[in-house]
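Position 1 is the first residue of the sequence, and the numbers go up from there.
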Amino acid sequence: MTGWRSQWRLVLLNSLTCGLEICVAAGITYVPPLLLEAGVEEQYMTMVLGIGPVLGLLFIPLIGSASDHCNSSYGRRRPFIWLLSLGVLLALFIIPHADVLAANLSWGSTRRNQALQVGLLILGVGLLDFCGQVCFTPLEALLSDLYRERDDCGQAFAMFSFMVSLGGCVGYLLPALDWSGGLLSFYLGGQAECLFSLLILIFVVSVFVTMKVSEEPSSTVEPGPLEAGRCFSRSCCYAFQCKLRALKSGPLMCLLRTCWSMTPAIYRSYCHVPRVMRQLCLAQLCSWMGVMSFMLFYTDFVGEGLYEGVPSAAPGTALRKRYDEGIRMGSLGLFLQCATSTFFSLVMSRLVRVFGSRTVYLSSMICFTISALVICLSKSVLLVTAMSGLTGFAYATLQTLPYTLTCHYHKEKEVYLENSKTKKTHTNGFTITRDSVYMSLDNGSEDVNHKSGISNGHANYNKDKPEYYPPQNDARLDLESEDFEKRGVGLDFAILDSTFLLSQVFPTLFMGMIVQFTESVTAYIASSAIFGAIGIYFATHIIFDQKDLRS
C-alpha cells in the first residue's frame with residue numbers, strides 16, 4: 001500500500017477517528033466547569049465522569065460481537081458507526097443547552113429547573129463519553145476488514161493512531177481559546193455554545209467523509225432474477241415482508257438479537273480467550289493503566305507538586321494563582337505528549353520494519369517508565385515538561401501495535417488461535433484433528449476404511465479389539481471449537497478497548513485513597529511508573545511471531 005493516493009484515502013477513512021477524538025477531548029475537558037456551575041459537588045463530578053467507561057465495559061463486547069454477525073445491507077460495521085455517531089451528536093447538542101432545555105421543561109419551578117439541568121448534563125456527559133469511546137471499536141474493525149495484509153494493516157493503524165493524536169491536540173486546544181469575544185458568540189449565546197457548535201460542525205463533516213470513503217462490502221445475499229421478479233409481482237403484503245426482513249437486518253435489531261441470544265456465547269468467548277490474546281490484553285491493561293494514571297492526574301501533580309499551589313484556595317490568592325499556573329503548564333505537557341504521539345504514529349510502520357514489533361513495544365514502555373521516574377524525582381519544570389512529552393511514544397505504540405497483532409492473529413488462526421477448529425488433540429500417541437475420521441478394521445484385511453464426519457471427530461476402533469481408544473471430553477472440545485470458529489476480530493478488538501476503559505476506572509477508584517494515605521500528589525506519577533514496570537514484564541510474554549510460540 002504505497003503512493004499518495006493510498007495515504008490520502010487512509011486520512012479520509014480515519015477522519016471520523018480524528019473528529020471523535022476532538023469532540024471527546026474538548027467536550028470532557030469543558031464539562032467539569034459546567035457541572036460545578038450547575039451545583040454538582042466535586043466528589044460526585046468524578047463519579048459522573050466514570051459513567052461512560054463503566055457503560056462501555058458492559059456494552060463494548062456486545063457491540064463488537066454484533067458487528068461481527070450483522071448482515072445489514074449497509075455492511076457489518078457502518079450501521080453501528082451511524083448509530084453511535086447519532087448518540088455523540090445528540091450529546092453535543094444537550095450539553096451546552098441543558099439550562100435552556102431545563103427551563104422549557106420545568107414550567108417555572110426553580111427546584112425542578114436545577115434538577116433537570118443537572119440530569120440533562122449527566123445524560124449528555126454519559127452519552128458523549130459512552131458513544132464516543134464505543135464508536136472506536138467498529139471503526140477499528142472496519143480498518144481490519146479493509147486492510148487484511150499485515151503491512152497494510154500496520155500502516156492503517158499507524159494512521160489511526162496519528163489521527164487520534166491529532167484529534168487530541170486539537171481537542172485540548174479548542175477549549176483554551178476565547179470564543180466569547182467573537183461574532184459567533186453574539187448569535188449563538190456564549191463560550192460553551194460557540195465551542196460545541198464548532199464541535200458539531202467538525203463531527204458532522206468527519207462522519208460524512210468517512211462514510212463516503214469507506215466501501216464496506218455488503219454481507220447480505222442479493223436476490224436472483226426470479227426472486228426480484230416475485231418482489232414486483234407479489235402483493236403489498238409481500239413488499240411489507242421484504243421491508244420487515246430489511247428492518248430485521250438493521251444494526252439495532254442485530255444488537256438486540258445479540259443481547260438476547262449471544263450473551264452466553266460472548267461470556268464463553270471471554271472465559272476461553274486464546275492464550276495469545278490473553279497475554280496481549282494483560283500487557284495492554286497494565287500499560288494503559290500506567291499511561292492513563294499519568295494523563296488523568298498529571299496537571300494536578302504539576303499544580304500542587306511542582307508549583308505548590310492549593311486548588312481549594314480562594315480565587316485571586318497567591319496559592320490559587322500558583323495552582324492555576326501549574327495547571328496551564330501541565331496542559332502544555334499533555335499537548336507535547338499528543339504532539340510526540342503524532343510524530344511516532346507517522347514513523348511507526350518504519351520503526352516496526354527496522355527494529356521489529358517486540359523492540360518497539362518494549363522500548364516505548366521502558367521510555368515511559370523512565371520518564372515517569374524522572375518526573376517523580378525532579379523539581380525542574382523544564383525537565384518535567386520535556387519528560388511528559390516523551391510519554392507520547394508509549395501512547396502511540398499502544399494505539400497501534402496491539403491492533404496490528406490482533407489482525408495478524410486472526411489472519412493465521414490455525415497458528416495463533418490454538419483452540420480453533422483445527423486444534424489438535426493427542427491420544428495415546430496419535431495426533432487427531434477435529435476433522436479426523438472414523439476408522440474400522442475389516443476382519444479379512446489390514447486395510448483401513450475412512451468414513452469422515454462420524455463419532456464427533458474422534459477415532460474409534462472396535463471395542464473388542466486391543467486398539468480401542470475411547471473418546472475424551474468430546475462435548476467440551478466441540479463447544480470450545482464452535483466458540484472459536486465463530487470468534488470475530490470485532491470481539492477481540494472490543495476486549496482490547498475494554499482494557500483501555502478499565503485503565504480509566506481503576507485509577508479513579510483507588511488513586512484518591514493512595515494520595516490521601518501518602519499525603520503527596522507524587523503518588524500519582526509513582527503509581528504510573530509502577531504500572532509501567534509491570535506492563536514491561538507482561539510485554540515480554542506477548543506473542544509477536546511464530547518464534548515466540550515455539551519458545
Side-chain angles (χ1 to χ4, degrees), residues 20-21 24-25 27-29 31-32 45-57 60 129-130 132-134 136-137 161 164-165 167-169 171-172 280-302 330-331 333-338 340-341 344-345 361 364-365 367-369 371-373 375-376 387-403 495-515 521-536 538-539:
L20 268 176
E21 187 65 22
V24 172
I28 298 302
T29 301
V31 155
M45 182 191 68
T46 57
M47 296 175 62
V48 170
L49 296 177
I51 292 176
V54 172
L55 290 176
L57 286 173
I60 273 185
D129 206 5
F130 168 71
Q133 297 289 355
V134 173
F136 284 111
T137 298
S161 177
V164 169
S165 302
C169 291
Y172 288 132
L280 177 61
C281 290
L282 190 57
Q284 182 85 336
L285 175 61
C286 296
S287 302
W288 268 128
M289 287 182 68
V291 173
M292 293 308 298
S293 298
F294 178 86
M295 294 180 65
L296 289 173
F297 305 108
Y298 174 73
T299 54
D300 192 47
F301 162 76
V302 175
S331 300
L334 292 180
F335 172 77
L336 290 177
Q337 182 197 52
C338 288
T340 307
S341 175
F344 278 104
S345 299
Y361 195 107
S364 68
M365 290 310 302
C367 180
F368 171 82
T369 305
S371 300
L373 287 175
I375 291 173
C376 288
M387 290 296 103
S388 66
L390 286 180
T391 61
F393 183 21
Y395 188 80
T397 302
L398 296 179
Q399 289 277 7
T400 307
L401 288 187
Y403 300 98
I495 296 177
L496 286 176
D497 291 336
S498 297
T499 63
F500 174 72
L501 295 176
L502 273 175
S503 68
Q504 300 178 55
V505 174
F506 285 166
T508 55
L509 288 178
F510 299 109
M511 281 302 176
M513 293 185 291
I514 294 175
V515 171
V521 291
T522 308
Y524 288 140
I525 312 300
S527 299
S528 67
I530 293 173
F531 284 129
I534 298 174
I536 293 173
F538 285 112

Enquirer: Is there side-chain contact between Leu502 and Leu285, with at least one heavy-atom pair below 4.5 Å?
Expert: yes

Enquirer: Could you walk me through whether Ser528 and Ser293 pass side-chain hydrogen bond (donor to acceptor under 3.5 Å, both in side chains), step by step?
Expert: CA-CA 5 Å; Ser528 67; Ser293 298; over 6 Å; no

Enquirer: Any chance you could measure Ser364, atom OG, to Tyr395, atom OH, to the nearest 0.5 Å?
Expert: 13.5 Å

Enquirer: Looking at every heavy atom in both Met292 and Ser503, which two are closest together, and how far apart are they?
Expert: CG-OG, 3.3 Å

Enquirer: Quick one: CD1 on Ile530 to CD1 on Ile525, what's the gap to the nearest 0.5 Å?
Expert: 12.0 Å

Enquirer: For Phe500, enumerate each residue passing the ring pair (Phe, Tyr, Trp, His ring centres under 6.0 Å) test, keeping only those at least two apart in sequence or located in another chain.
Expert: Trp288

Enquirer: So which heavy atom on Met365 is nearest to which on Ala394, and how close?
Expert: SD-CB, 4.1 Å

Enquirer: Find out whether Phe368 and Thr397 are in side-chain contact, i.e. whether some heavy atom of one side chain is under 4.5 Å from a heavy atom of the other.
Expert: no

Enquirer: Under 3.5 Å, is there a donor-acceptor pair linking the side chains of Thr391 and Gln337?
Expert: yes

Enquirer: Calculate, to the nearest 0.5 Å, the distance between atoms OG1 and CZ belonging to Thr369 and Phe531 respectively.
Expert: 12.0 Å

Enquirer: Specify the closest pair of heavy atoms between Ile514 and Ala523, including all atoms of both residues, with the distance to one decimal.
Expert: CG2-CB, 4.0 Å

Enquirer: Nearest 0.5 Å please: distance from the CD atom of Gln284 over to the OG1 atom of Thr499.
Expert: 4.5 Å

Enquirer: Which atom pair, heavy atoms only, marks the closest approach of Phe538 to Leu282?
Expert: CE2-CD2, 3.2 Å

Enquirer: Taking the six-membered ring for Trp and the full ring for Phe, Tyr or His, determine whether the centres of Phe393 and Phe344 are under 6.0 Å apart.
Expert: yes

Enquirer: I'd like to know whether the aromatic ring centres of Tyr298 and Phe294 sit less than 6.0 Å apart in this structure.
Expert: yes

Enquirer: Side chains of Ser527 and Phe297: closer than 4.5 Å at any heavy-atom pair?
Expert: no

Enquirer: Applying side-chain contact (heavy atoms from CB on, under 4.5 Å), run through Tyr524 and Asp300 and close with a yes or a no.
Expert: CA-CA 9 Å; Tyr524 288 140; Asp300 192 47; 3.5 Å; yes

Enquirer: If only atom types and distance count, is the side chain of Thr340 paired as donor or acceptor with the main-chain N or O of Gly389 below 3.5 Å?
Expert: yes

Enquirer: Between atom CD of Gln504 and atom CG of Asp129, what is the distance when rounded to the nearest 0.5 Å?
Expert: 6.5 Å

Enquirer: Locate the shortest heavy-atom distance separating Ser165 from Cys338; write the atom from each residue and the value.
Expert: CB-O, 3.7 Å

Enquirer: Quick check: do Gln133 and Asp497 have side-chain heavy atoms less than 4.5 Å from each other?
Expert: no

Enquirer: Atom CE in Met295, atom CG in Leu334: separation rounded to 0.5 Å?
Expert: 6.0 Å

Enquirer: Tell me every residue that passes side chain to side chain contact (heavy atoms under 4.5 Å, CB included) with Ala529, counting only those two or more places apart in sequence or in another chain.
Expert: Ala372, Leu373

Enquirer: Which atom names give the shortest non-hydrogen contact between Leu496 and Cys281, and what distance separates them?
Expert: CD2-SG, 3.9 Å

